[in-house]
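Here the structure is laid out as structure tokens; the discussion comes afterwards.
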Amino acid sequence: RPEKRAALEKRTSVVPGNATGRYPAVERLAEAMAALPPETMLVLLAPPAFVTGLPAPGTAEEAAENACKSALRNLASIRRNGAWLDWRTDRPETRNPELWFDHTHYRAGVAKAIETEIAEAIAKSRQR
């Protein structure tokens, strides 16, 4: 639909601002992870956004999002059975308007691709 495509092509901000450098949700997640048995597999995922909903390169918004993703990546890396998947990037699936309802809600094609990547991360972890 033309109106849907026009809305998706319009740059919008879907990133909450955070100039503090602190991520309370990541801190709470670290606490919850500490209570899990070490053999429990954990996959942390940055969910996708349509490309025009991603922060513009070189902006404070992009720096804040990258810092948050870095904190999550580090959290996943300290776990023997941890994996980090960053789908909040510019990739073919985030550029195809047919795969999106709006900037943050995606269709089955994206979900299936994410599912495949999660399954691959789990399989890779089991090989360690």
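Counting heavy atoms from C-beta on, the side chains of S77 and W84 never come closer than 4.5 Å. Here the side chains of R22 and E27 are in contact, with some heavy-atom distance below 4.5 Å. With a 4.5 Å cut-off on side-chain heavy atoms, R88 and L54 count as touching. Side-chain contact check for N96 versus V110: every heavy-atom pair is 4.5 Å or farther apart. T94 is listed as a side-chain neighbour of W100, based on a closest heavy-atom distance under 4.5 Å.
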Residues L29, L72; criterion side chain to side chain contact (heavy atoms under 4.5 Å, CB included); working and verdict: CA-CA 9 Å; L29 179 58; L72 289 165; 4.1 Å; yes
Please lay out, stage by stage, how R79 and T40 fare under the test side chain to side chain contact (heavy atoms under 4.5 Å, CB included). CA-CA 9 Å; R79 212 171 157 76; T40 300; 3.6 Å; yes
E61 vs R11, salt bridge (charged side-chain N to carboxylate O under 4.0 Å, His left out): CA-CA, chis, key distance, verdict: CA-CA 13 Å; E61 189 178 57; R11 180 156 291 282; over 6 Å; no
Please step through side chain to side chain contact (heavy atoms under 4.5 Å, CB included) for the pair D90 and R95, ending with a clear verdict. CA-CA 7 Å; D90 184 350; R95 290 189 160 273; 2.7 Å; yes
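Closest non-hydrogen pair, L8 versus H103, comes out as O-NE2, 3.3 Å. The shortest non-hydrogen separation linking W87 to A113 is CH2-CB, 3.5 Å. Closest approach of A67 to Y23, counting heavy atoms only: CB-OH, 3.2 Å. K69 approaches A46 most closely through the heavy-atom pair CD-CB, 4.2 Å. Shortest non-hydrogen contact noted between E93 and L99 is O-CD1, 3.9 Å. Heavy-atom minimum distance, A83 versus A121: CB-CB, 3.8 Å.
Put simply, L75 and V43 are part of two different groups of oily side chains (I, L, V, M, F, W, Y) that touch within less than 4.5 Å, one to the next.
For the side chain to side chain contact (heavy atoms under 4.5 Å, CB included) criterion with M41, the lone passing option out of I118, L36, N81 is N81.
Within a 6.0 Å sphere centred on CZ of R107, heavy atoms belonging to other residues, nucleotides or ligands number more than 12.
With values rounded to the nearest 0.5 angstrom, E120 atom CD is found 11.0 Å from E115 atom CD. The line from CG of L85 to CD1 of I114 is 9.0 Å long, rounded to the nearest 0.5 Å.
Proximity of a side-chain donor or acceptor of S70 to a complementary backbone N or O of N66 within less than 3.5 Å is not detected.
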